[in-house]
Each structure stands twice: as structure tokens, then as C-alpha cells.
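Let me begin by presenting the structure, written as C-alpha cells, before commenting on it.
These numbers were taken from a predicted model, which means no experiment stands behind them. Residue numbers begin at 1 in each chain, while the letters A, B, ... track the order of the sequences.
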2 protein chains.
Amino acid sequence: MGNIRIAVPRGAEAGDGERLGLGVLSSLLGFRFRRIQNHLARGLVSIPDLAANRPGLLSSLAIISANPGVSQVMLAREAGLDKATLVMIIDDLEHAGLARRKRDTDDRRRNLLFTTPKGEKMLEQWIALARGNEAKVRACLTPAEFDQLSEMLDRIYDSCFGAVEG
Amino acid sequence: MGNIRIAVPRGAEAGDGERLGLGVLSSLLGFRFRRIQNHLARGLVSIPDLAANRPGLLSSLAIISANPGVSQVMLAREAGLDKATLVMIIDDLEHAGLARRKRDTDDRRRNLLFTTPKGEKMLEQWIALARGNEAKVRACLTPAEFDQLSEMLDRIYDSCFGAVEG
DNA sequence: TATTGTTATACTCTATAACTATA
DNA sequence: TATAGTTATAGAGTATAACAATA
């Protein structure tokens with residue numbers, strides 16, 4: 001279970017190779033997500049040659065591409081962002097000519113979102129770069145494990161946060 | 001593979017129940033981590049009845065508890081934080097009487113970290129609360145899946161970020 | 001009255017680099 | 001010269017609430 005490993009630095013420079021135990025933390029997932037994401041995010045910062053580079057920019061473009069005509073609230077929900085944050089992201093995408101808003105004629109409160117050809121092209125390049133950034137991570141997993149991990153993460157998100165209820 | 005689902009809002013209020021496709025995003029893990037963590041973090045904000053409540057506070061306390069005498073850099077590496085951030089966390093823990101620094105007599109640059117009895121007590125309560133916050137997530141997984149997911153996440157972190165090399 | 005999108009503001013978190021003391 | 005810890009600061013990210021337009 002715990003497999004707690006006491007690391008008492010006794011002159012021995014244990015530090016480098018030693019792995020610390022997680023103790024009671026083993027029963028939590030939240031910290032595992034955070035510490036991975038903390039490191040992964042750093043590598044992603046320098047990916048695109050675009051002015052602004054907010055987190056969620058690439059995700060949003062990809063989801064718009066996969067769901068042409070999606071509304072902003074639906075996109076926000078699927079991307080795990082709030083609607084206020086998304087406004088700035090769509091602004092950036094629109095100013096860069098990668099996506100565009102189109103007022104819904106049926107429900108004039110809504111904006112329908114679409115990618116541009118330029119956006120599609122850029123999306124391909126970004127995805128390739130992002131994949132490169134995750135190459136080390138994928139190298140730790142077999143293809144079957146990757147699929148399994150993806151499936152579990154999607155299930156968690158859809159069940160817990162993707163639903164209408166907050 | 002992609003199973004892309006076009007969601008064209010045609011008067012039909014598809015919005016609520018519909019699930020959007022992820023398209024090319026399916027090949028990435030980073031966004032999956034982020035969107036889950038974005039939501040999970042919100043629930044954790046209101047957990048402890050302590051003054052400051054930085055992310056990483058609970059994780060740090062738990063790791064200290066499982067590894068008495070750990071140094072700050074080792075802890076920072078294991079928790080996925082940088083050493084500057086950790087200083088503030090340890091300050092908070094020390095001021096709250098939950099942990100304490102002890103100068104290493106062998107290498108006087110280092111601080112050895114220990115929990116206090118009060119810290120141990122608080123840790124138990126926090127872990128219980130944090131587990132409650134993750135209850136929904138665990139409900140999505142079988143016990144076997146939970147272990148499998150934990151193992152994969154730990155492997156990813158250790159292989160990619162836990163090593164000495166950055 | 002509820003929802004979509006928007007804006008502005010304040011707050012939190014993080015990254016960086018410089019500094020000390022020890023080694 | 002390198003490492004452990006500290007500090008200060010600027011910048012990035014996020015949450016909040018109020019608002020207009022539409023339903």
C-alpha cells in the first residue's frame with residue numbers, strides 16, 4: 001500500500017536517485033494531475049509563432065474545427081474553460097484570421113464559430129508541435145495504455161464536469 | 001477513430017445533451033489534464049479552514065509526513081513545484097504550526113522538514129475532505145481502474161519530470 | 001426570468017532573476 | 001564553481017460580477 005520510504009539525508013547524497021513516497025497522497029488524483037500539468041504547460045508556452053498564446057487557444061481551435069457552428073458556451077464547456085475566458089480566446093483567433101464568429105439567425109444571442117482555411121492549416125502545424133512536446137509522455141505508454149488513459153480521462157471529464165449541472 | 005460529431009445548431013436545441021467531438025485533439029493528453037484540473041481545483045479552494053490555501057499546500061504536508069527529514073528541493077521536485085514557490089508553502093505550514101524546518105547539521109545549506117503532531121492531525125482531516133471532493137471522479141472508475149490510472153500518472157511524472165534532468 | 005456573449009476589475013498563481021550562505 | 005534556500009517583482013492566468021441583447 002503506502003510503501004513509505006523514509007529519506008533521511010545522512011551525509012549520503014541520496015537526493016538524486018531517491019524517489020520519495022507519496023504516503024496518504026496516494027489516494028488522491030488531483031495532485032497527480034496538477035504536477036504533471038505544471039510541467040507540461042511549460043513546454044507548450046513557446047510553441048506557436050503567434051502573438052498571444054493563452055492556454056486553451058489550440059484546444060479551442062481544434063474543437064471548432066471538429067464541430068463547425070458550435071456556440072461559445074458549448075465550446076467553453078467542452079474545453080473546460082469559462083465563457084469569459086473564452087471570449088478573449090475567440091478574439092485572438094479571430095484577429096489572427098484563424099476562426100470567425102457568425103451570428104446565429106435563429107437565436108440571435110448566439111455566435112456560431114467556424115475555422116478559416118488558414119486556421120485549418122495552422123491547426124495541423126500546432127497539433128504536430130504539441131505532439132512533439134508530449135512525445136516523452138507517450139514514450140512511457142504503450143499504444144493500448146494511451147488509448148485506455150485517454151478514455152478514462154474523457155469519461156471522468158464528461159461524467160463529472162461536462163454535464164449541464166456544474 | 002476520431003468519431004467526429006458535427007453539431008450544427010439548426011433550431012434544434014441540441015446544446016444541452018450533445019457531446020462535442022475532439023477531432024485532432026484526441027491525440028493529445030495535455031488538454032485532458034488541464035480541463036479536468038481546471039474544474040477539480042475549484043472544488044478544492046474551499047477545503048481547509050486555514051488562512052492561506054495555496055495549491056500544493058496539502059501535497060507538501062503529505063509528502064513531508066511520508067518522508068520525514070526531506071529537503072526542500074527534493075520535496076519541490078516530488079510535488080512538481082519550483083523551489084521558490086515551495087518556500088512560501090513551507091512558510092505557511094510553519095506559521096500554522098503544521099510543519100517545521102530544522103537546519104541540517106551535516107550540510108548546513110539544507111533544511112530538513114518535519115511535520116508536527118498538529119500537522120499530522122490536520123493532514124488526516126484534509127485528506128478526508130480532498131477525497132470527498134474527488135468522490136465523483138472515483139465513482140467513474142472501478143478500483144482496478146483507479147490503481148491503473150494512478151500507476152500510469154506516476155510513471156509519466158517520474159519518467160518525464162521527476163528525473164534529475166529537467 | 002433565463003441565457004448568450006461581453007467587459008472590466010481584482011485577485012491568485014507562477015516565472016525569473018538576483019542574492020546569501022554554505023559546500 | 002555549484003547547490004540550498006530566500007526574496008522581490010513583474011507577468012500571466014483566473015474568477016467575479018455587472019451589463020446588454022435576446023429569448
Side-chain angles (χ1 to χ4, degrees), chain A residues 9 11-16 34-35 37-46 51-57 59-60 69-77 79-94 99-113 164 166, chain B residues 9 11 13-16 34-35 37-46 51-57 59-60 69-77 79-95 99-113 164 166:
Chain A
E13 291 308 46
D16 286 347
R34 179 167 49 70
R35 70 177 188 172
Q37 217 249 315
N38 274 355
H39 283 278
L40 261 187
R42 292 183 199 172
L44 271 175
V45 176
S46 51
N53 189 10
R54 307 177 190 284
L57 204 72
S59 306
S60 298
V70 67
S71 74
Q72 294 186 200
V73 284
M74 285 170 70
L75 173 55
R77 191 188 304 154
L81 306 163
D82 68 57
K83 60 181 185 174
T85 302
L86 188 64
V87 170
M88 297 184 291
I89 291 176
I90 305 296
D91 284 347
D92 291 344
L93 289 176
E94 211 167 28
R100 61 195 168 87
R101 293 168 163 99
K102 223 175 107 181
R103 186 63 72 177
D104 186 350
T105 53
D106 289 343
D107 184 344
R108 293 172 50 73
R109 292 173 304 181
R110 294 190 181 187
N111 286 328
L112 310 183
L113 303 175
V164 180
Chain B
E13 291 305 48
D16 286 347
R34 179 166 49 70
R35 69 178 188 171
Q37 217 251 314
N38 274 356
H39 283 277
L40 262 187
R42 292 183 200 172
L44 271 175
V45 174
S46 51
N53 188 10
R54 306 177 191 283
L57 205 73
S59 308
S60 298
V70 67
S71 72
Q72 294 186 199
V73 283
M74 284 170 71
L75 172 55
R77 191 188 303 154
L81 307 163
D82 68 57
K83 61 180 183 175
T85 302
L86 188 65
V87 170
M88 297 184 290
I89 291 176
I90 305 296
D91 284 348
D92 291 343
L93 289 175
E94 211 167 28
H95 292 150
R100 60 194 169 87
R101 294 169 163 100
K102 223 176 107 182
R103 186 64 72 176
D104 186 350
T105 52
D106 290 343
D107 183 345
R108 294 172 48 73
R109 293 173 304 181
R110 296 190 180 185
N111 286 328
L112 310 182
L113 303 175
V164 182

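If you measure from atom CG of D82(B) to atom P of dT6(D), you get 13 Å, rounded to the nearest angstrom. One atom, CD of E94(B), and another, P of dG5(D), lie 13 Å apart when rounded to the nearest Å. Following rounding to the nearest Å, R34(B) (CZ) and dT14(C) (C1') show an atom-to-atom distance of 16 Å. Separating the CZ atom of R54(A) from the P atom of dA12(D) is a distance of 10 Å, rounded to the nearest angstrom. Between the CG atom of L81(B) and the P atom of dT14(C) there is a distance of 8 Å, given to the nearest Å. Note: CZ (R110(B)) to P (dG5(D)) measures 7 Å, nearest angstrom. As rounded to whole Å, 9 Å separates atom P of dT6(D) from atom CG of L86(B). If you measure from atom CG of L40(B) to atom P of dT14(D), you get 15 Å, rounded to the nearest angstrom.
The side-chain heavy atoms of V87(A) and K83(A), taken from C-beta on, include no pair separated by under 4.5 Å.
In the model, R34(B) has a side-chain atom that pairs as donor or acceptor with a side-chain atom of S59(A) under 3.5 Å.
Across dA4(D), dT16(C), dT14(C), the shortest atom-to-atom separation from the side chain of A84(B) is found for dT16(C). Between dT4(C), dG5(D), dA8(C), one nucleotide has an atom nearer to the side chain of Q72(B) than all others, and that is dG5(D). With distances taken from any side-chain atom of N111(A) to the nucleotides dT6(C), dA23(C), dG5(D), the minimum falls on dT6(C). Checking dA23(D), dT6(C), dT16(D) against every side-chain atom of D107(A), the shortest atom distance belongs to dA23(D). Comparing atom distances between the D91(A) side chain and each of dA4(D), dT4(C), dT7(C) picks out dT7(C) as nearest. Candidate nucleotides dG5(C), dT6(D), dA23(C) were compared by shortest atom distance to the side chain of K83(B), and dT6(D) ranks first. In the set dT14(C), dT4(C), dT3(D), the nucleotide with an atom closest to the side chain of R109(B) is dT3(D). With dT14(C), dA23(D), dT14(D) as the candidates, the nucleotide lying closest to the side chain of P55(B) is dT14(C).
Distances shown here put every side-chain N or O of R101(B) at or beyond 4.0 Å from the OP1 or OP2 atom of dA4(D).
Residues that satisfy the side-chain contact (heavy atoms from CB on, under 4.5 Å) test with V73(A), not counting sequence neighbours, are S71(A).
Within the 4.0 angstrom heavy-atom criterion, base atoms lie near V87(B).
When the options N111(A), L81(A), I89(A) are evaluated for a side-chain contact (heavy atoms from CB on, under 4.5 Å) with Q72(A), the one that passes is N111(A).
Between N38(A) and I90(A), the one whose closest nucleotide on DNA chain C sits nearer the 5' end is I90(A). Taking the nucleotide of DNA chain D with the nearest heavy atom to each of R103(B) and M88(A), the more 5' of the two is matched to R103(B).
Here the side chain of R100(B) pairs no donor or acceptor atom with the backbone of L113(B) at under 3.5 angstrom.
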